[in-house]
Amino acid sequence: MKTKLLPVLIALFCLILAVFSFAQAEESNPLKVAMQLSNSNFTEPEEITVSIRISNAGDTALPGPVTLYYSNGDQVEEFGEPVLEAGASKSWSGPLQVTQSMLEAGKISFRIRYSLLNEAGEAVQRSRNFSKEISYTGGVASVEVNRTISPTTAGKGHDVNITYDVLNTGTVDVTNVVITENKSIATKEGVIDRVPAGEKASYTFKVTMGTQDLTSQATIAYTANGQTQTISKEPAEIKYGEINLKANLTTDKKGGLPGDKVKFTLRLGNSGKKDYINIRVTDPTLGELFSGETAPAGHSIILEKEIEIVETTDYQFTVTATEDGGPDIETTSDRITITAVTADQVVHLDVRAESDREVVYQLPGTVRFKVYVSNNSSLDVSNVVVSASGVTLYTFPSILAGETREFTRDVDVSMAGQYQFVAQCRNQLGDSVSFDSNIIYIGFTEPTPVPTEAPIVTPPVPVLDELPTEADLPENLNLIDQILKYAIYVFAAIFAVFLLLVIVALLRRASIKAKSEVALDTLERGGTRDYNQPGHFDEDMDSEPPVTSSEDPLPEDNEDAVTRHRRHSETSSSDTSV
């Protein structure tokens, strides 16, 4: 007995030692990990966001890098391979697809790999797993399938539509929907890839009627919560028969905001030879729409009904009538879906116009218009056509949300009146929508007549007389002309002689003046008296000249001096003359 207990005791001791060693290692591990999930309660697999923060709480830096791995062993490349210093940390946030296996395990796990120093100071490779618990309650799978047959009675060669509406009323998405119809309807299965929770998807089979009745019976298989489930539809007969009453249903638009109006137009055509009476029109959603109507043979009637949009709904009108003298018949229209959109899905354009004038003075008159188109919606629009009075003026290939575009056009105005521009485009449902601009009034006024001016009298053209030639002149005029020519020559010669004499006189006078200055300078240097300048004496004389009376005879010496002076003057004059 003791021998059998010994291995058990040894194994228990080793287990306790391992747990203790692991606890010691955890206590000495400097890495701290924190993980957060964007969602921790699941009903099915889905994608979430994971945030992880790894910190070094130790006193020293790690000897090697830290790497992060998914639970399947793939490395988280975005995290990198950081070497964490003491007190440093590294964060990562990214998407993660939560799988069914993770939901069943009840946790989301990651793993880190790092290095630590052992007691010998050597770097030792370590790894560590960490996880976050999640809650998996399992989703509720609930699916409804509705079938619509249009028409329920058809003649040879007419098309019959069998439509299946798959409505997911559960809390989990439905995938891989497969619809298997009766072989008389279709040999190929109808497939819908995915139906999100709370939404609807449809699939339509089209078959051409022969000469026999058809039977619709289908099996619908789908997958939810990882399990495959099936729904069966009971058989439905499609009668063969000639029905001469055709129902054609149309609407003025495919949808709009809740509260908007949609007008349904039902056209009933009687191609037979008998009247259809007691016509009654109903719809599964709207109830009874019309009753007591009559469609005469060979004619058509049009019935209109306006309804208010509440939510996205399918409409299909059923028409029952009695053929005059025959049995009751039933036919249906095509199905139409009216979509309810939100305010941010509505297209809205603002159109504004300007003109360079308000009045024209002739017809047609040219006016330059400038048009602005602003996209005030949150959706981009394309192929915006701007027109006036049915004439296309400009087309914008696209106008982005919040953008304003403009163009200028010269328009020939044929009459006075109001002018308005219209911008047309299609919304996200494919409906054509239009938006009007402001109204511009262009008037017409007769131009003010120009004041009458006095007529301009053109003077007569002057008559020019020809000048006579010399041959035509009288002889006495020729003689006078010759005398005048000679007189001009004579006066010119006299003027030249006079000018020459003036020049000679000026030269002579200049020469005489120069010689007089030379003689005067000689007398002054000789100590003689210049009688042309009385009272002037030679500065070198020792005494003043004696004063004599007028009665005393002149001294002999003075006479001789006077005589000499006169002789000298005469000599100078004669030399000058020469």
Side-chain angles (χ1 to χ4, degrees), residues 146-163 165 185 202 204-216 235-256 259-339 429 431-432:
N146 297 323
R147 176 180 57 192
T148 303
I149 300 175
S150 175
T152 55
T153 303
K156 181 181 179 180
H158 292 172
D159 290 336
V160 178
N161 294 324
I162 301 98
T163 302
D165 297 323
I185 301 298
S202 301
T204 299
F205 294 95
K206 180 176 287 188
V207 60
T208 302
M209 193 69 180
T211 58
Q212 297 179 353
D213 295 345
L214 299 177
T215 301
S216 172
E237 295 294 330
I238 303 172
K239 299 291 185 178
Y240 165 74
E242 292 295 335
I243 296 181
N244 297 319
L245 186 63
K246 305 297 182 184
N248 182 26
L249 182 63
T250 59
T251 60
D252 61 343
K253 54 185 176 182
K254 298 179 181 179
D260 289 349
K261 301 291 184 179
V262 177
K263 185 172 71 174
F264 286 85
T265 301
L266 177 63
R267 183 184 182 91
L268 297 175
N270 183 356
S271 59
K273 297 179 180 180
K274 295 182 179 181
D275 296 345
Y276 281 100
I277 60 176
N278 298 325
I279 295 176
R280 182 173 177 263
V281 180
T282 60
D283 178 79
T285 303
L286 302 175
E288 185 177 89
L289 300 172
F290 307 97
S291 63
E293 301 290 340
T294 299
H299 292 80
S300 298
I301 63 172
I302 295 177
L303 305 175
E304 294 181 344
K305 186 71 173 181
E306 190 175 63
I307 68 167
E308 181 178 319
I309 299 175
V310 178
E311 59 183 357
T312 301
T313 309
D314 293 333
Y315 298 93
Q316 187 172 36
F317 291 179
T318 300
V319 182
T320 59
T322 301
E323 188 177 15
D324 190 9
D328 293 342
I329 60 96
E330 179 181 304
T331 186
T332 57
S333 69
D334 291 335
R335 188 171 60 168
I336 294 179
T337 300
I338 300 299
T339 305
L429 300 177
D431 293 332
S432 178

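No hydrogens, no waters, no symmetry mates; every other heavy atom, side chains included, goes into these values.
- The side-chain heavy atoms of Leu268 and Ile279, taken from C-beta on, include a pair separated by under 4.5 Å.
- A donor-acceptor pair shorter than 3.5 Å cannot be found between the side chains of Asn161 and Thr204.
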Check your understanding: Hey, mind stepping through Glu237 and Thr215 against side chain to side chain donor-acceptor pair (under 3.5 Å) and telling me if it holds?
Key -> CA-CA 5 Å; Glu237 295 294 330; Thr215 301; 3.1 Å; yes

Practice item. Tell me, with the steps shown, if Met209 and Ile238 meet side-chain contact (heavy atoms from CB on, under 4.5 Å). Key: CA-CA 9 Å; Met209 193 69 180; Ile238 303 172; 4.3 Å; yes

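- Using cut-offs of 30° and 60° for the angle between ring planes, the Phe264 and Tyr315 rings count as perpendicular.
- Counting only distance, with no hydrogens or angles, the side chain of Asn270 and the backbone of Pro296 share a donor-acceptor pair below 3.5 Å.
- Under a 4.0 Å N-O distance rule, the pair Arg335/Asp165 qualifies as a salt bridge.
- The distance from the CG atom of Leu214 to the CD1 atom of Ile162 is 7.5 Å, given to the nearest 0.5 Å.
- If you run side chain to side chain contact (heavy atoms under 4.5 Å, CB included) between Lys253 and each of Leu429, Ile338, Asp260, only Asp260 comes through.
- Inter-residue side-chain proximity for Thr148 and Gln316 is flagged as met; some heavy-atom pair is nearer than 4.5 Å.
- The shortest distance between side-chain heavy atoms of Leu245 and Ile329 falls below 4.5 Å.
- Here the straight-line distance linking atom CZ of Arg267 with atom OG1 of Thr250 works out to 9.5 Å at 0.5 Å rounding.
- Pro151 has its side chain within reach of Val160: a pair of non-hydrogen atoms, C-beta onward, lies under 4.5 Å apart.
- Closest of all the heavy-atom pairs between Ala297 and Lys273 is CB-C, 3.4 Å.
- With hydrogens and angles ignored, the 3.5 Å screen pairs a side-chain donor or acceptor of Ser150 with a backbone N or O of Ser333.
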Practice item. Could you check Glu330 against Val319 for side-chain contact (heavy atoms from CB on, under 4.5 Å), going step by step and ending with a plain yes or no? Key: CA-CA 6 Å; Glu330 179 181 304; Val319 182; over 6 Å; no

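- Ile307 is listed as a side-chain neighbour of Lys305, based on a closest heavy-atom distance under 4.5 Å.
- Within a 6.0 Å sphere centred on NZ of Lys156, heavy atoms belonging to other residues, nucleotides or ligands number 12 at most.
- Between Asp314 and Thr337, the side chains place a donor N or O and an acceptor N or O closer than 3.5 Å (distance only, hydrogens not considered).
- Two residues are said to be in side-chain contact when any heavy atoms from C-beta on lie closer than 4.5 Å; Ile149 and Ser216 meet this criterion.
- Interatomic distance, OG1 of Thr331 versus NE2 of His158, reported as 10.0 Å (0.5 Å rounding).
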Exercise for review: List the steps, then state whether side-chain contact (heavy atoms from CB on, under 4.5 Å) holds for Val281 with Leu266.
Suggested key: CA-CA 9 Å; Val281 180; Leu266 177 63; 3.8 Å; yes

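- By the 6.0 Å contact criterion, NZ on Lys246 is enclosed, its count of non-hydrogen atoms from other residues, nucleotides or ligands being greater than 12.
- Atoms CG and CD, on Asp252 and Glu304 in that order, are 9.5 Å from each other to the nearest 0.5 Å.
- With values rounded to the nearest 0.5 angstrom, Thr285 atom OG1 is found 5.0 Å from Asp283 atom CG.
- Using a 4.5 Å heavy-atom threshold, the side chains of Glu293 and Tyr276 count as separate.
- Counting all heavy atoms, side chain and backbone alike, Thr211 lies closest to Tyr240 at O-CD2, 3.4 Å.
- Other residues, nucleotides and ligands contribute only 12 or fewer heavy atoms inside 6.0 Å of the CD atom of Gln212.
- Between atom CG of residue Asn278 and atom OG1 of residue Thr322 there is a gap of 5.0 Å, rounded to the nearest 0.5 Å.
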